[in-house]
Amino acid sequence: MVTADSAIYWDAAAERRLVAQRCAGCGALRHPPRPMCPVCHSLEFEAATLSGRGTLYSYAVLHHPQHPAFDYPVLAALVDLEEGVRLVSNLVDVEAADIEIGMPLEVTFAPTVDDRAVPVFRPAR
Amino acid sequence: MTGFGGGAAIVGIGATEFSRDAGRSELQLACEAIRDALGDAGLEPAAVDGIVSYTVDPVEETELVRSLGFREIGFSSRVPYGGGGSMGTLLHAAAAITSGAAEVVVAYRAVRARSGASRFGGPKTRPSPTSGHSGTTAMQWCMPYGVLTPASWMALNATRYMHAFGVTNADFGRAVVQLRSYAETNPAAWGYKRPMTLDDHQASRWIAEPCIRMFDCCQETDGSVALVMTARDRAADLRNPPVVIGAAATAGLFEQEIASDHYRPDLAVMDGSVALARRLFDSGFRRDELDAAMIYDAFSPILLMQLEALGFCGPGEAKGFVADANLGLDGALPTNTNGGLIGEGYIHGLNLVLEAARQLRGTAVNQVAQARRVLVTASRTGAILTRD
């Protein structure tokens, strides 16, 4: 699934770093990654390390249909990071009944089947 | 310009049966529906010189040409956005016809959404061969998290909508009860003679909590529908009264993605439908002169969200608009009178256009008296259809 345009994000995640693209031309952050800055059209960018702190923008507790690679229910989340980037992710270390929109979150990393890792979020400590 | 002076019209409609296992290919289903639509119009296959479709199409245009015996195609296009692009076929056809690029344009959709190799509502774990992205964008940002299905993508937006306006799943359920009531009397519908109460809805299992239960989902369906369009002034020579494309528009916004549309600042509002409505109503039509609406209801939350975005009620007011029976035949805006995608079946949206055409011909099962103007929309594409 990783493409030439998205490797900047997933390769950092595999090293347990949360990053977003920062345009080298105008400094704008963008996610998901894309090759060109829509603000200034620069093709140059860097991986900006993010704090990993944010709040829960929305969520869904997924029950059906189920895929064998996941444990159900899946706690799906939209996380608004304090730098202004939104991510699709999972919630961990929380019960479905305790999820509240707006709750403070922090990043942690979950291993994947191919020995890499993806950013997920838990209630801020 | 969104109106094209009313210069183009739907002159033929066709459909196969809707089922859970058609037992034949999408290509065959499409051929049958298009053949029937041409017959309905009274046009020969050789008259067709335009083909419009929208993405996530399992049928190749060249196969249709070879199968149906079209002679020479001068215009073809596919609207982006998957099912959200379904009503954009009307804009593309009207633009082609009124510009002279084509004289007779066919639009179609054929799906085996239930019996095919991949159920429409099932997990997507790889890009589809026909769309590159299984009908949405940014799949790789969802897949590692088990957010694999259309319901799961929609749910992330719907939960935010519920939070913003104090909406409950029962509010969605009241809309579903209305749709199923329409479907109950529609022999073509999955919901034909299958009554459903709000209690039944609330007892159905969760797909995505707290917003989408099983009965909030459209019916994965096998089948095909087709439209034939040509110049309005040519329609007088044809078999059926024309359904005029009075206005048609599409709207694709900067931060908007397709089904996994998670990056706009405010997901409680369907900005694409707001932009679509502005373009449609700039044509001079007014909301209060519409006699019915057909609104893309892949999942019930987006029906309410579109009612607001299209301007039929204010933000957060759709639950009251629905509860006051405004979607019924005696309401302010009879909506999805075939049962919608939830009650009739999911031919990827395009079956809603056939229902609009039937209303304007006066042949709908749940007929709106004296229907003269009907809105059809699918999130970010739409049209206002009229009769002479």
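Everything quoted here is computed from the prediction, not taken from an experiment. Residue numbers start from 1 in every chain, and the chains themselves are labelled A, B, ... in the order their sequence lines are given, proteins ahead of strands.
Neither the backbone nor the side chain of A:Ala96 comes within less than 4.5 Å of any heavy atom of chain B. Of the atoms belonging to B:Arg205, it is side-chain heavy atoms, and not backbone ones, that fall under 4.5 Å from chain A. Within the 4.5 angstrom heavy-atom criterion, only side-chain atoms of B:Thr149, from C-beta onward, approach chain A. The contact between A:Pro33 and chain B is made by backbone and side chain atoms together, counting heavy-atom distances below 4.5 Å. Neither the backbone nor the side chain of B:Ala164 comes within less than 4.5 Å of any heavy atom of chain A.
Around CG of A:Asp71, the count of heavy atoms belonging to other residues, nucleotides or ligands within 6.0 Å does not exceed 12. Within a 6.0 Å sphere centred on CD of B:Glu255, heavy atoms belonging to other residues, nucleotides or ligands number more than 12.
Between B:Tyr145 and A:Val74, the closest heavy-atom pair is O-CG1, 3.4 Å. Nearest heavy-atom pair, B:Pro144 versus A:Trp10, reported as atom, atom and distance to 0.1 Å: CG-CH2, 3.8 Å. Listed here is the closest heavy atom pair of B:Gln140 and A:Ser6: OE1-OG, 2.9 Å. Heavy-atom minimum distance, A:Pro65 versus B:Pro123: CG-CD, 4.1 Å.
At a heavy-atom cut-off of under 4.5 Å, chain B is reached by A:Arg86, A:Val88, A:Ser89, A:Asn90 from residues 82-95 of chain A, listed in order of number.
Contact of the A:Ser58 side chain with the B:Tyr161 side chain is not registered, since no non-hydrogen atoms from C-beta on lie closer than 4.5 Å. B:Cys211 has its side chain out of reach of A:Tyr59: every pair of non-hydrogen atoms, C-beta onward, lies at least 4.5 Å apart. You'll find the side chain of B:Glu257 reaches within 4.5 Å of the side chain of A:Pro32, heavy atoms only. A 4.5 Å side-chain heavy-atom check between A:Val61 and B:Trp206 finds every atom pair outside the cut-off. A:Pro73 has its side chain out of reach of B:Glu209: every pair of non-hydrogen atoms, C-beta onward, lies at least 4.5 Å apart.
One distance of note links NE2 of B:His163 with OH of A:Tyr57; it measures 9.0 Å at 0.5 Å rounding. The distance from atom CD1 of B:Ile207 to atom CG of A:Leu62, rounded to the nearest 0.5 Å, is 10.0 Å. We find the CZ-NE2 distance between B:Arg213 and A:His64 to be 12.0 Å, quoted to the nearest 0.5 Å.
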Step by step, work out the side chain to side chain contact (heavy atoms under 4.5 Å, CB included) result for B:Leu267 and A:Leu78. CA-CA 11 Å; B:Leu267 296 183; A:Leu78 294 179; 3.5 Å; yes
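In this structure, the side chain of B:Thr159 does not engage the main chain of A:Ala60 through any donor-acceptor pair within 3.5 Å.
For residues 19-38 of chain A, the set of pairs meeting the ring-ring contact (aromatic ring centres under 6.0 Å, His included) definition, not counting sequence neighbours, comprises A:Tyr9-A:His31, A:His31-B:Trp141.
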